[in-house]
Amino acid sequence: GAVVSQHPSRVICKSGTSVKIECRSLDFQATTMFWYRQFPKQSLMLMATSNEGSKATYEQGVEKDKFLINHASLTLSTLTVTSAHPEDSSFYICSAQTLLMNTEAFFGQGTRLTVV
Amino acid sequence: AQTVTQSQPEMSVQEAETVTLSCTYDTSESDYYLFWYKQPPSRQMILVIRQEAYKQQNATENRFSVNFQKAAKSFSLKISDSQLGDAAMYFCAYSGRGATNKLIFGTGTLLAVQP
């Protein structure tokens, strides 16, 4: 099956610094990638949708300048949390789709971000 | 806007028994997809089953089956012969049929399996 690799799985950073999370599709070309945020014991909240080569579409209430998304190639999307604060601590998950199989989303393993 | 509702925050089932998880949704579209995802403690999202709205036949995958009632906008998941490994958070999700199909998730149901 299609594999999506997300890195790092865990990261701890100091308040005020930036953190980059990578999402890679290993064996298929991902025309669209999605970034979700999940608080403890809660559901996945869609943050943004990114299509290769174009600007990401952010959901209402998500700060574009805080959460920078880049989808520079068909196999890689990155989420950068800029000037991180403790309230940004959360679990971030990416998923990827391909036009050939756009009925199914393939998920990365997630990244637990802790801002201290 | 589409919404997905799961009214059971937690459920419990005895090993080898059957349990049904409820899900309702709201949409004005006539064609769409519905999914059940499992999220074990590892937090890796795993697709359990998928239903295409234009198909009247309920989807089945081994011990997992759905009861899809399109008119009632209901999409329940039945787990038969429950196993300890079924213990997880289960999310119901909706997706349109556009070129970019973002998933809209319900709030989840935490399933415990008692030995």
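Residue numbers begin at 1 in each chain, while the letters A, B, ... track the order of the sequences. Side-chain atoms are counted along with the backbone in the values below, which use heavy atoms only and exclude waters and symmetry mates. All values derive from a computational prediction rather than experimental measurement.
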> Go through the atoms of F105(B) and report whether side chain, backbone, both or neither lie under 4.5 Å from a heavy atom of chain A.
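When you check distances to chain A, atoms from both the backbone and side chain of F105(B) fall under 4.5 Å.
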> Is it the backbone or the side chain of Q38(A) that comes under 4.5 Å from a heavy atom of chain B, or both, or neither?
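Both backbone and side chain.
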> Report whether Y25(B) and F35(B) are members of the same hydrophobic cluster (ILVMFWY, side-chain heavy atoms less than 4.5 Å apart, transitive linking).
no
> Does a sphere of radius 6.0 Å around NE2 in H7(A) hold more than 12 heavy atoms from other residues, nucleotides or ligands, not counting ones at 6.0 Å or beyond?
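Check fails, neighbour count at 12 or below.
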> Could you point out which residue of Y36(A), F106(A), F107(A) forms a side-chain contact (heavy atoms from CB on, under 4.5 Å) with M45(B)?
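Filter result, single survivor: F107(A).
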> Would a hydrophobic clustering, with Ile, Leu, Val, Met, Phe, Trp and Tyr connected at side-chain separations under 4.5 Å, put L21(B) with F64(B)?
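Both belong to a single hydrophobic cluster.
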> Check each atom of L46(A) against the heavy atoms of chain B and say whether the ones under 4.5 Å are side chain, backbone, both or neither.
side chain
> For each of Q39(B), R43(B), Q44(B), tally heavy-atom pairs with chain A at distances under 4.5 Å, and name the one with the top tally.
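So the answer, after comparing Q39(B), R43(B), Q44(B), is R43(B).
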> Does L103(B) reach the side chain of F34(A), with side-chain heavy atoms less than 4.5 Å apart?
no
> Same cluster or not: V19(B) versus I49(B), using hydrophobic residues (I, L, V, M, F, W, Y) connected whenever any side-chain heavy atoms lie under 4.5 Å apart?
yes
> Is M11(B) reachable from F91(B) through a run of hydrophobic residues whose side-chain heavy atoms are each under 4.5 Å from the next?
no
> Heavy atoms only, distances under 4.5 angstrom: which of S42(B), P9(B), G106(B) has the most pairs with chain A? Name it, please.
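So the answer, after comparing S42(B), P9(B), G106(B), is G106(B).
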> Is the number of heavy atoms from other residues, nucleotides or ligands within 6.0 Å of NZ (K73(B)) greater than 12?
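Buried by this count: over 12 neighbours within 6.0 Å.
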> Same cluster or not: Y90(B) versus L84(B), using hydrophobic residues (I, L, V, M, F, W, Y) connected whenever any side-chain heavy atoms lie under 4.5 Å apart?
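Yes, same cluster.
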> Would you compute the distance between atom CD of Q97(A) and atom NZ of K102(B) and round it to the nearest 0.5 angstrom?
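So the gap between those two atoms works out to 12.0 Å.
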> Does any backbone or side-chain atom of Q109(A) lie under 4.5 Å from a heavy atom of chain B? Answer side chain, backbone, both or neither.
both
> Nearest 0.5 angstrom please: Y37(B) OH to S43(A) OG, how far?
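Atom-to-atom, Y37(B):OH and S43(A):OG are 12.0 Å apart.
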